[in-house]
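Worksheet for the structure shown next.
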Amino acid sequence: MFALIVAASILTAQDSGAFVVRLGSDTLSLEQYRRTATQLRGEYVIRAPRSVHRIYTADLNPDGSIRRLELITHNISGGPGPAESRGTVEFVGGGDSAIVTSPRGDSIVTTRVAVPRGTVPYFLHIYGLVEQIGLQARATGRDSSAITALTGANSTSGGYVRKRGGDTLVLNFTQGQLAGLGPFTFRLDRQGRLVWLTGRGSTVQVDVERVPSVPMAAATAAFAHRPLGQLSVRDTARVTLGGTEVWVDYGRPMKRGRVIFGDLVPWGQVWRTGANAATQFHTSADLVMGGRTIPAGTYTLWTLPTQTGWTLIVNKQTGQWGTEYDPAQDLVRVDLEGQSCVEVVEQFTITLEPKDAGGLLTLAWDCTRVWIPFAKR
């Protein structure tokens, strides 16, 4: 739990700023905010999966912790749902419980949830709240601080903020609804202002840059009809070979102007082989792949890309988030064949197709294509 003493010099001065949030070559959202000793107020417009404009207002206690948060959402895309919705979080009882109001259809639902003191309301892609988390972590004076975030009407998520040299901090969620979200690496300057943040290495691979201001009104109008949709859609590749069903369920991230292998996906590190939840692999009969037997069942697929070759990992753990890889659960590791693509592949693609007396599993993204044949045992 956070200690809640934030330096008075930070809170007595007014401060304002803005953030540009990018995902590769795409601008995902724009945010602007103002902080005083008693209030944090901001607004942002985001394009995924649909375009919405939100206004957040956090009233602060004398010690700098959040006493009440209001979030107003405007549906600017013209899609289904109300034009405006409103939710609130208010900490009561000395901060050991929260009263949450949230829209549900045409009505408002009120719930009360017990929380540790110092709990922070958290919504993904509100970077004024990440700054708040960083301020409270810095105020503890410790190199590592536990965090509890209120992430729903009756749900919390636990994690930590750790120092990583100088003014750089790392936020990671390890428990609850947001378990597996992160790490987010960010920097607070000496005045406690969020300067930059990166989600590289997480399942939210954004880059956040602080700027003096953003054209919020113009961006809201422009983004209304330019939603990005689901950032990494889920897809399933299937093949049936002599009555044997084989499928792979995976997330499909886009290149978005980025260098993928050796940068976004580092060399020499196990990769989730997709996005978001771990990539699932199922076979209804025993298979032989790379000379190794894979018994009928469901597994997860991972890869180890290097500059000299790729390894496919079949892992026995299933149902986990894509950052939760346990090497102790590995079933087999087999080498993949590969080559550079003739054309750049914009969206990560896994295919399964018949090949000779068996099948062929192929992975393709950016300028890389790797594959491995398999057969029924």
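For this chain, numbers begin at 1 and follow the sequence in order.
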For D249 and T236, which heavy atoms make the closest approach, and how far apart are they?
-> OD1-OG1, 3.1 Å

Check: R35/Q132 side-chain N/O donor and acceptor closer than 3.5 Å | yes

Nearest heavy-atom contact between V265 and P305 is CG1-CG, 4.0 Å

Other cluster members, W247 - Ile/Leu/Val/Met/Phe/Trp/Tyr, side-chain contacts below 4.5 Å | none

Exam field: side chain T279 to backbone T273, donor-acceptor pair closer than 3.5 Å = yes

In a table with atom names and distances, give each donor-acceptor pair under 3.5 Å that connects a side chain of residues 208-220 to protein atoms at least two apart or in another chain.
unit_1: E209; atom_1: OE1; unit_2: R22; atom_2: NH1; d: 3.0
unit_1: R210; atom_1: NH1; unit_2: Y33; atom_2: OH; d: 3.0
unit_1: R210; atom_1: NH1; unit_2: L194; atom_2: O; d: 3.0
unit_1: R210; atom_1: NH2; unit_2: S16; atom_2: O; d: 3.4
unit_1: R210; atom_1: NH2; unit_2: Y33; atom_2: OH; d: 3.0
unit_1: T220; atom_1: OG1; unit_2: M216; atom_2: O; d: 2.8

Under 3.5 Å, is there a donor-acceptor pair between the side chain of E31 and the main chain of G128?
-> yes

Side-chain ion pair, E346 and R256, N-O less than 4.0 Å | no

Could you go through the side-chain hydrogen bond (donor to acceptor under 3.5 Å, both in side chains) check for T101 and T88 one step at a time?
-> CA-CA 5 Å; T101 66; T88 62; 2.5 Å; yes

Short side-chain to backbone donor-acceptor contact, T27 and S29, under 3.5 Å | no

Residues at least two apart in sequence or cross-chain that pass side chain to side chain contact (heavy atoms under 4.5 Å, CB included) with V170, listed by chain then number, are R164, P183, T185

Decide whether L363 and Y325 are clustered together by the hydrophobic rule: side chain heavy atoms of Ile, Leu, Val, Met, Phe, Trp, Tyr closer than 4.5 Å, transitively.
-> no

Minimum-distance pair of heavy atoms, taken over all atoms of L178 and F173 | O-CB, 3.3 Å

For the side chain of N61 and the backbone of D63, is there at least one donor-acceptor N/O pair under 3.5 Å apart?
-> no

Set of residues satisfying side chain to side chain contact (heavy atoms under 4.5 Å, CB included) with respect to L331, sequence neighbours excluded = I294, P295, Y299, V314, K316

So, the side chain of R234 versus the backbone of A277: is there a donor-acceptor pair under 3.5 Å, distance only?
-> yes

Check step by step if ring-ring contact (aromatic ring centres under 6.0 Å, His included) holds for F348 and Y250.
-> CA-CA 10 Å; F348 177 58; Y250 68 111; 5.7 Å; yes

Rounded to the nearest 0.5 Å, the CD1 atom of I350 sits from the CG atom of L361 at a distance of 6.5 Å

Given the rule that I, L, V, M, F, W and Y join up when any side-chain heavy atoms are under 4.5 Å apart, are L28 and L264 in one cluster?
-> no

Answer with yes or no whether the side chains of Q177 and S157 bring together a donor and an acceptor at under 3.5 Å.
-> no

Decide whether Y160 and N172 meet the rule of one side-chain donor and one side-chain acceptor closer than 3.5 Å.
-> yes

Would Q39 and R41 count as having a side-chain donor-acceptor pair, cut-off 3.5 Å?
-> no

From L181 atom CG to T174 atom OG1, the distance as rounded to the nearest 0.5 Å = 11.0 Å

Lys/Arg N to Asp/Glu carboxylate O, E70 vs R86, below 4.0 Å = yes

So does R190 pair up with D167, basic N to acidic O under 4.0 Å?
-> yes

Electrostatic pair D235:R252 at N-O distance under 4.0 angstrom | yes

Any residue meeting side chain to side chain contact (heavy atoms under 4.5 Å, CB included) with A375, in chain and number order, not counting sequence neighbours = none

Please, which pairs that meet ring-ring contact (aromatic ring centres under 6.0 Å, His included) have at least one residue in residues 59-96, sequence neighbours excluded?
-> H53-H74

Pairs in or reaching into residues 353-365: which pass side chain to side chain donor-acceptor pair (under 3.5 Å), with residues at least two apart or in two chains?
-> none

Kindly say whether D326 contributes a backbone atom to a donor-acceptor pair with the side chain of N315 at under 3.5 angstrom?
-> yes

Between F19 and Y44, ring centroids under 6.0 Å = no

Measure the CG-CD1 distance between D335 and I372 for me, rounded to the nearest 0.5 Å.
-> 7.5 Å

Distance-minimising heavy-atom pair for V89 and A98 | CG1-CB, 4.2 Å

Show your reasoning for whether side-chain hydrogen bond (donor to acceptor under 3.5 Å, both in side chains) applies to R112 and S97.
-> CA-CA 7 Å; R112 183 167 182 150; S97 61; 3.1 Å; yes

Going by atom types alone, do R54 and T73 pair a side-chain donor with an acceptor below 3.5 Å?
-> yes

Cluster question for you: counting only ILVMFWY and a side-chain heavy-atom cut-off of under 4.5 Å, with indirect links fine, are F123 and V109 together?
-> no

Measuring from T57:OG1 to L71:CG, what's the distance to the nearest 0.5 Å?
-> 9.0 Å

Is there a donor in the side chain of T203 and an acceptor in the side chain of N276, or the other way round, less than 3.5 Å apart?
-> no

Report the C-alpha separation of L188 and R138 in whole Å, then their side-chain angles, then the decisive distance to 0.1 Å, and conclude whether the side-chain contact (heavy atoms from CB on, under 4.5 Å) test is met.
-> CA-CA 9 Å; L188 296 185; R138 176 181 282 183; 3.3 Å; yes

Drop me the distance from F186's CZ to L171's CG, to the nearest 0.5 angstrom.
-> 6.0 Å

Hydrophobic cluster mates of V195, side-chain heavy atoms under 4.5 angstrom, ILVMFWY only, any path?
-> W196

If you count the non-hydrogen atoms of other residues, nucleotides and ligands that lie under 6.0 Å from CD in E343, is the total more than 12?
-> no

Minimum heavy-atom distance between G322 and W302, given as atom pair plus value = O-CZ3, 3.3 Å

Same apolar cluster: I126 and I55, side chain cutoff 4.5 Å | no

Just by modelled atom types, is the G243 backbone N or O under 3.5 Å from a matching donor or acceptor in the E245 side chain?
-> no

Rounding to 0.5 Å, atoms CD1 (I72) and CD (E84) come to a distance of 5.5 Å

Can you list the residues that meet the salt bridge (Lys or Arg N to Asp or Glu O under 4.0 Å) rule with D286, with sequence neighbours excluded?
-> none

Is R47 close enough and on-axis enough to F223, meaning under 6.0 Å and within 45°, for cation-pi?
-> yes

Quickly, which of I313, L336, V270 forms a side-chain contact (heavy atoms from CB on, under 4.5 Å) with T303? Name it, please.
-> L336

Using a cut-off of 6.0 Å, state whether more than 12 heavy atoms not belonging to R377 lie near its atom CZ.
-> no

Any residue meeting salt bridge (Lys or Arg N to Asp or Glu O under 4.0 Å) with K255, in chain and number order, not counting sequence neighbours = D366

Non-neighbouring partners of A275 that pass side chain to side chain contact (heavy atoms under 4.5 Å, CB included), sequence neighbours left out = S232, P253

How would you list, by chain and number, every residue that makes a salt bridge (Lys or Arg N to Asp or Glu O under 4.0 Å) with R67, sequence neighbours excluded?
-> D59

Nearest non-hydrogen partners of G201 and T323, listed with the distance | O-CG2, 4.5 Å

